Amino acid sequence: MILVASLVGVWLASVSATPVAGGPSETREPPSGRYEIRSSDSYVGYRVYKLGMVPIRGQFGSVRGEIVVDPGRPERSRAEVTVSLASLESGKEERTETLLSEDFFHADRFPEMRFLSRRVRRNADGRWLVSGDLTIRGVTRTVTVPVEIRRGQGLEGPLVVFS
């Protein structure tokens, strides 16, 4: 089973999980449990606009962490995601070097990005909201993201997607 999480439109992570029966469907009820993020099934990426018009995308190949889900008591749920900046793939070697330099990520001094949840709750319509600390380049900001949940069958078995 694979679980995918996205945070602030920048973070996406796949995690292994216990099987869930049934075909693809939208649901707001995730399976309870602890999910370890598998880097090989994960995607963490970004999109910026060059000159305000041309979309430039990139991704990070190394992500780790875990997500703990308790649907009955969302306040007991939590997420921790760590991304290695050295795993950046921007599509151009020069761009990658620039992004990892002191001018942007300063990866020599700050080799990882990290999200650590502080609060998980459900709003009035039952959707999950995850609030936590996003740290990039030693600067931490609190962010809150809504979570959409889909369940279905993947190539390796049952699939749960949080985005």
Side-chain angles (χ1 to χ4, degrees), residues 2-17 24-28 30 35 37-67 69 77-156 159-163:
I2 299 170
L3 170 79
V4 180
S6 82
L7 309 171
V8 195
V10 174
W11 293 76
L12 293 170
S14 302
V15 255
S16 60
S25 65
E26 291 251 345
T27 178
R28 291 190 176 106
Y35 304 93
I37 295 173
R38 296 186 315 197
S39 196
S40 62
D41 295 320
S42 300
Y43 175 80
V44 176
Y46 66 88
R47 180 180 66 201
V48 296
Y49 289 91
K50 183 177 182 180
L51 304 174
M53 298 177 4
V54 180
I56 305 293
R57 293 175 177 83
Q59 67 184 42
F60 298 87
S62 177
V63 58
R64 67 183 189 282
E66 74 174 15
I67 297 173
V69 178
S77 300
R78 61 184 169 80
E80 181 176 345
V81 182
T82 302
V83 176
S84 169
L85 293 174
S87 69
L88 174 63
E89 300 167 14
S90 74
K92 287 188 172 184
E93 186 175 335
E94 183 179 305
R95 181 184 304 134
T96 299
E97 289 174 7
T98 299
L99 290 171
L100 294 177
S101 76
E102 188 174 332
D103 291 337
F104 288 91
F105 286 119
H106 199 346
D108 288 341
R109 184 167 176 206
F110 306 100
E112 299 176 332
M113 293 187 287
R114 185 170 187 218
F115 176 80
L116 180 60
S117 67
R118 297 291 179 199
R119 181 177 184 208
V120 178
R121 63 187 169 90
R122 289 177 130 165
N123 63 14
D125 71 359
R127 292 181 193 258
W128 289 69
L129 297 173
V130 178
S131 299
D133 297 333
L134 178 62
T135 302
I136 301 173
R137 196 181 159 127
V139 176
T140 301
R141 299 281 191 256
T142 299
V143 297
T144 300
V145 294
V147 177
E148 175 187 313
I149 302 165
R150 292 185 313 253
R151 295 165 66 169
Q153 186 66 33
L155 294 175
E156 296 179 11
L159 180 70
V160 178
V161 178
F162 287 63
S163 58

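Side-chain atoms are counted along with the backbone in the values below, which use heavy atoms only and exclude waters and symmetry mates. Model, not experiment: these values are computed from the prediction.
In the displayed structure, Arg119 atom CZ is contacted under 6.0 Å by at most 12 heavy atoms of other residues, nucleotides or ligands.
Nearest approach of Val63 to Ser39, heavy atoms of both residues: N-OG, 3.1 Å. Shortest non-hydrogen contact noted between Ser62 and Ser87 is N-OG, 3.0 Å.
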Criterion side-chain contact (heavy atoms from CB on, under 4.5 Å) on Tyr46 and Leu88, from CA distance to verdict: CA-CA 10 Å; Tyr46 66 88; Leu88 174 63; 3.6 Å; yes
Taking it one step at a time, do Thr135 and Phe110 satisfy side-chain contact (heavy atoms from CB on, under 4.5 Å)? CA-CA 10 Å; Thr135 302; Phe110 306 100; over 6 Å; no
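Between the Ser131 side chain and the Thr144 main chain, no donor and acceptor come within less than 3.5 Å of each other. Side chain of Arg118 to backbone of Asp133: no donor-acceptor contact under 3.5 angstrom is found.
The existence of a salt bridge linking Arg109 and Glu102 is excluded, since no basic side-chain nitrogen approaches an acidic carboxylate oxygen closer than 4.0 Å. Under the 4.0 Å criterion applied to side-chain N and carboxylate O atoms, Glu80 and Arg64 are not assigned as salt-bridge partners.
Rounding to the nearest 0.5 Å gives a distance of 4.5 Å between CZ of Arg121 and CG of Leu129. Distance CD1/Ile56 to OH/Tyr49: 10.5 Å, rounded to 0.5 Å. For the atom pair CD (Glu94) and CG (Leu99), the distance works out to 10.5 Å, reported to the nearest 0.5 Å. The CZ atom of Arg95 lies 12.5 Å from the CG atom of Leu100; values are rounded to the nearest 0.5 Å. For the atom pair Thr82 OG1 and Leu85 CG, the distance stands at 10.5 Å (nearest 0.5 Å). The line from OG1 of Thr96 to CZ of Phe104 is 12.0 Å long, rounded to the nearest 0.5 Å.
Residues satisfying the side chain to side chain donor-acceptor pair (under 3.5 Å) criterion with Ser84, sequence neighbours excluded, are absent altogether. Contacts of Arg57 classified as side chain to side chain donor-acceptor pair (under 3.5 Å), with partners at least two apart in sequence or in another chain: none.
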